[in-house]
Amino acid sequence: MALEVGKICKLDEVVINRIAAGEVVQRPCNAIKELVENSIDAGSDSITVSVDDGGLKMLQITDTGHGIRKEDLGIVCERFTTSKLKTFSDLRSISTHGFRGEALASISHVSFVTIQTKTAFDKCAWVGHYRDGKLHPKKPGASAEPKPCAGNTGTTITAEDLFYNMGTRKRAMNGRDEFNKVAHVITCYAIHNTGTAFSLKKSGDNMPKIRTTSKATKIDTISNLYGPSLGKELLEFSCDDKNFGFKSSGYLTNANYSGKSFRFILFINNRLVESSAAKKAFEAVYASVLPKNSYPFVYLSIDIDPQNIDVNVHPTKNEVHFLHEDEIIAGIQAKAQQSLYQCSTSRNYYTQARLPGFDMAAAVEEVKGKKKVPEGSESSRVYDHQLVRTDCNQTKLDLFIANQANKISEKTKSESSAASSSALFSTVDTEKPGPSNMSKEIKLSHPANKSNSSSSSENKENINTINVEEYVPKEAPKSGNPTHRRPIYLTSVLNLQEDICKARHEGAVDLMREHKFVGIANTQYALAQVRTKLYLFDFGKLSEALFYQKVIFDFQNFDIFNFSEAAPIHDLVMIALDDESSSWNPDHGPKEELATFATELLLSKREMLDDYFSIVITKEGSLSGLPILVEQYYPLLHQIPMFLLRLATEVDWESEKGCFQSVAKEIARLYTMKPIERENEDGATQSAQKDPTDPNVPDWKFTVEHILFPQLKSFFVPDLSVTSSGAVLQVADLHDLYKVFERC
């Protein structure tokens with residue numbers, strides 16, 4: 001039986017249009033892309049997009065462009081109607097996004113379209129309803145012609161029930177996934193068109209999911225859309241080549257950023273397109289920079305001579321072809337690689353203080369692993385990532401640093417230990433202590449006068465020639481506190497001690513008790529290990545908190561560090577007032593009067609200061625002694641003038657508890673561990689630790705490790721503020737590091 005030959009017939013116009021529409025508008029994001037490009041071509045400075053169910057139920061775009069003429073509303077949704085192209089030769093120089101006139105026609109064949117528009121010359125807006133490319137009445141029996149309505153200059157296009165006549169395609173789509181695709185399109189165009197404000201929200205929501213401003217830069221927009229952690233790692237690059245007729249610019253992340261997926265945004269002649277060749281080129285650039293399963297962010301814009309590019313090769317204009325594609329991509333790749341490698345000589349690592357809500361106790365318990373496991377069982381096995389250094393005498397960080405400081409002899413260390421004021425004093429000569437006394441020679445130096453003082457030249461001369469004789473201790477300080485402690489009966493002091501105990505945080509206490517000193521990081525931080533975690537300790541902040549507690553708990557039980565010759569308080573306060581850090585200005589009054597007031601005030605409190613705090617002031621108004629808070633630890637003498645000024649002006653002398661608390665804080669401020677600075681021969685300032693082998697430079701590192709940190713470990717009662725204030729920062733966790741290396 002012979003087969004019947006099928007008859008070729010012309011398809012109905014509606015079928016043709018719906019087939020074509022299915023190619024142009026494959027998903028809601030394709031419709032949004034076409035409409036956004038039309039809005040940009042119309043000169044809009046603000047574009048607002050609203051979607052429902054990812055655009056399947058409704059998508060709406062409102063712009064502030066020049067609008068559509070009323071006369072054109074009759075054919076605006078017909079195929080191949082456009083204002084951007086007249087002849088085929090115009091394709092060679094096309095510079096607009098749209099040109100075929102298929103976008104609105106395709107959308108109207110798969111949804112119910114409403115267009116409201118107004119030009120600057122119209123007195124009112126006009127609204128029309130469309131179906132299958134033609135004007136369609138809103139209600140049966142009504143006129144299909146556009147109706148006048150109220151509206152602003154610009155155009156609002158609404159497409160409802162997308163793919164209502166393509167059930168299989170619609171059922172295969174998910175509203176959440178489609179919204180993410182729409183958001184990606186809006187994000188890309190918002191980054192590229194920084195002169196236009198974009199907004200995207202779900203229908204019914206008050207707050208938009210995406211919002212950008214028209215005045216933001218590209219970096220600001222990227223930071224807004226992808227987060228500041230990405231924005232601060234961006235590098236700008238550009239590449240021009242007249243031989244191949246192209247210009248390119250863009251932004252890419254440096255080696256410090258690592259994302260979960262490759263974010264690659266490519267615009268060619270202002271069109272959002274995809275290029276597998278360009279994407280692979282950038283993947284090759286980062287292959288040797290980022291670890292495995294880590295990805296960068298790249299935004300690239302290429303401008304090519306319109307005569308060298310073919311934009312009419314894909315129904316959705318998602319791809320373009322252009323001349324010299326390989327050469328252009330290779331040139332951009334080389335420029336991007338050069339920019340990336342220039343800034344990748346070092347990596348930045350960011351630390352964050354534990355937030356107040358962080359449960360440190362739980363973290364410490366987790367690290368300590370207090371659950372006992374029977375020996376010999378499988379779970380008692382210790383894995384590599386659980387191995388920790390438990391002996392503080394084992395190898396420390398200092399041995400891995402090629403520095404002359406590592407060659408300090410034990411003799412130098414013992415001298416530093418015995419005469420540890422040399423760990424802090426700016427100008428110190430130390431003699432080896434004998435069995436019955438310990439001799440220290442200390443000089444008070446006047447800081448450079450950088451402020452414009454109103455005092456007379458005679459007063460300045462007197463101050464600059466202040467007696468800076470050597471002060472030698474009359475007695476050797478005893479170890480710790482006096483043997484016979486005086487009991488504390490003052491309710492105010494007992495309340496202050498109770499406040500410290502109530503604020504105690506067990507997790508922070510365990511952190512202090514369990515830590516092992518690793519080494520000095522810089523003049524602010526020291527490294528310490530707690531089981532499998534590594535921390536940075538800000539020894540300045542911690543020492544201030546430690547010495548405050550020392551003053552409160554050792555109240556009226558201090559040994560005294562006596563000067564060989566008392567220093568006049570009046571002259572010391574004058575030195576402090578001459579310092580810029582005092583913030584003195586003429587409105588505060590003459591310096592002489594302020595110094596006299598401070599001297600008289602401290603003289604009136606001398607008995608109390610001596611009895612409770614061991615701050616010894618003579619009847620003549622001179623300072624002759626300070627308390628010893630920790631054995632072999634002494635304050636920086638050049639801070640004493642500012643200490644006396646603050647003691648007179650910052651202390652609450654009205655209430656008993658407030659007075660004791662503020663005096664304790666000022667003493668702690670004076671004793672805070674601060675590595676000193678000294679001037680080079682050329683006048684430049686350098687930290688003292690630069691050359692610790694110099695006999696004139698104190699070994700403050702020894703003091704931090706062997707005096708301060710043991711006190712923190714045995715005495716300090718921390719609260720949760722040590723983490724929230726940044727005094728303790730977690731740097732790394734061995735367990736997490738193993739996870740990182742497993743991914744490499």
Which donor-acceptor pairs under 3.5 Å do the side chains of residues 47-57 make with protein atoms, sequence neighbours left out?
none

Side chains of [X] and [Y] in contact at under 4.5 Å (non-hydrogen atoms):
| X | Y | result |
| --- | --- | --- |
| Ile210 | Thr187 | yes |
| Leu300 | Ser248 | yes |
| Tyr295 | Leu290 | no |
| Ile222 | Leu230 | yes |
| Asn152 | Lys118 | no |
| Asn224 | Thr221 | no |
| Leu234 | Phe297 | yes |
| Val36 | Ile40 | yes |

- Task: Determine, step by step, whether Leu200 and Val182 satisfy the side-chain contact (heavy atoms from CB on, under 4.5 Å) criterion, reporting the C-alpha distance in whole Å, the side-chain angles of both residues, the deciding distance to 0.1 Å, and the verdict.
- Result: CA-CA 9 Å; Leu200 169 66; Val182 170; 4.1 Å; yes

- Mind jotting down which residue pairs meet the ring pair (Phe, Tyr, Trp, His ring centres under 6.0 Å) criterion with at least one end in residues 129-154? Sequence neighbours excluded, please.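 Sorted result for residues 129-154: empty, none.
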
- Task: Determine, stepwise, if the pair Tyr251 / Lys218 fulfils side-chain contact (heavy atoms from CB on, under 4.5 Å).
- Result: CA-CA 9 Å; Tyr251 292 89; Lys218 277 186 168 56; 3.8 Å; yes

Would you be so kind as to tabulate the donor-acceptor pairs closer than 3.5 Å made by side chains of residues 59-70, with sequence neighbours excluded?
unit_1, atom_1, unit_2, atom_2, d
Gln60, NE2, Thr158, OG1, 2.9
Thr62, OG1, Thr156, OG1, 3.2
Asp63, OD1, Gly65, N, 3.0
Asp63, OD1, Thr155, N, 3.1
Asp63, OD2, Ser39, OG, 2.8
Thr64, OG1, Asp45, N, 3.2
Thr64, OG1, Asp45, OD1, 2.6
Thr64, OG1, Ser46, N, 3.3
Arg69, NE, Asp72, OD2, 3.2
Arg69, NH2, Asp72, OD1, 3.3

Say you draw a straight line from [atom1] of [X] to [atom2] of [Y]; how long is it, rounded to the nearest 0.5 Å?
| X | Y | atom1 | atom2 | result |
| --- | --- | --- | --- | --- |
| Ile107 | Cys77 | CD1 | SG | 8.5 Å |
| Asn269 | Asp303 | CG | CG | 5.5 Å |
| Ser106 | Asn30 | OG | CG | 10.5 Å |
| Phe246 | Ile302 | CZ | CD1 | 7.5 Å |
| Gln342 | Gln338 | CD | CD | 5.0 Å |
| Lys279 | Glu274 | NZ | CD | 7.5 Å |

- Query: Do any pairs count as a salt bridge (Lys or Arg N to Asp or Glu O under 4.0 Å) and have a residue in residues 240-264, sequence neighbours left out, and if so which ones?
  - Reply: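 Not a single pair qualifies under salt bridge (Lys or Arg N to Asp or Glu O under 4.0 Å).
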
- Message: Enumerate the salt bridge (Lys or Arg N to Asp or Glu O under 4.0 Å) contacts for residues 171-184, please, sequence neighbours excluded, ordered by first and then second residue.
- Response: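 As it turns out, the salt bridge (Lys or Arg N to Asp or Glu O under 4.0 Å) pairs with a partner in residues 171-184, which skip direct neighbours, are Arg27-Glu178.
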
- Message: Any salt bridge linking Arg271 with Glu37? Criterion: basic side-chain nitrogen under 4.0 Å from a carboxylate oxygen.
- Response: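 No.
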
Nearest heavy-atom pair of [X] and [Y]: which atoms, and what distance?
| X | Y | answer |
| --- | --- | --- |
| Leu235 | Ser339 | CD1-O, 3.9 Å |
| Ala284 | Gln333 | CB-NE2, 3.8 Å |
| Val113 | Ser108 | CG2-CA, 3.6 Å |
| Ser275 | Glu325 | OG-OE2, 4.2 Å |
| Cys149 | Cys124 | O-CB, 3.7 Å |
| Pro146 | Leu135 | CD-CD1, 3.9 Å |

- Query: If you look only at pairs with a residue in residues 194-203, which of them pass as a side-chain hydrogen bond (donor to acceptor under 3.5 Å, both in side chains), with sequence neighbours excluded?
  - Reply: none

- Item | Derivation of the side-chain contact (heavy atoms from CB on, under 4.5 Å) call for Val298 and Phe262 | CA-CA 8 Å; Val298 177; Phe262 189 6; 3.8 Å; yes

Partners passing ring pair (Phe, Tyr, Trp, His ring centres under 6.0 Å) against [X] (at least two apart in sequence or in another chain):
| X | result |
| --- | --- |
| His324 | Phe244 |
| Phe237 | none |
| Phe112 | Tyr164 |
| Phe282 | Phe264 |

- Item | Check: Met207 main-chain N/O paired with Asp205 side-chain donor or acceptor under 3.5 Å |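 No, the answer is negative, given that no donor and acceptor are paired below the 3.5 Å cut-off.
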
- Query: So, His109 side chain and Ala105 main chain: donor-acceptor pair closer than 3.5 Å or not?
  - Reply: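 Checked: pair present.
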
- Task: Check the pair Ile191, Tyr226 against side-chain contact (heavy atoms from CB on, under 4.5 Å), reporting the backbone distance first and the verdict last.
- Result: CA-CA 11 Å; Ile191 293 173; Tyr226 289 105; 3.7 Å; yes

- Asp161: side-chain hydrogen bond (donor to acceptor under 3.5 Å, both in side chains) partners, not counting sequence neighbours: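 Lys170.
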
- Query: Considering residues at least two apart in sequence or located in another chain, which fulfil the side-chain hydrogen bond (donor to acceptor under 3.5 Å, both in side chains) criterion with Tyr299?
  - Reply: His192

- Does one side chain, of Ser258 or Ser294, offer a donor that lies under 3.5 Å from an acceptor on the other?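 A donor-acceptor contact under 3.5 Å links the two side chains.
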
- Query: Between Thr119 and Asp122, is any side-chain donor less than 3.5 angstrom from a side-chain acceptor?
  - Reply: yes

- Query: In this structure, are over 12 heavy atoms from other groups packed under 6.0 Å from Asp220 atom CG?
  - Reply: yes

- Task: May I ask you to check whether over 12 heavy atoms, not counting those of Lys335, lie within 6.0 Å of atom NZ?
- Result: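 Incorrect, the count does not exceed 12.
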
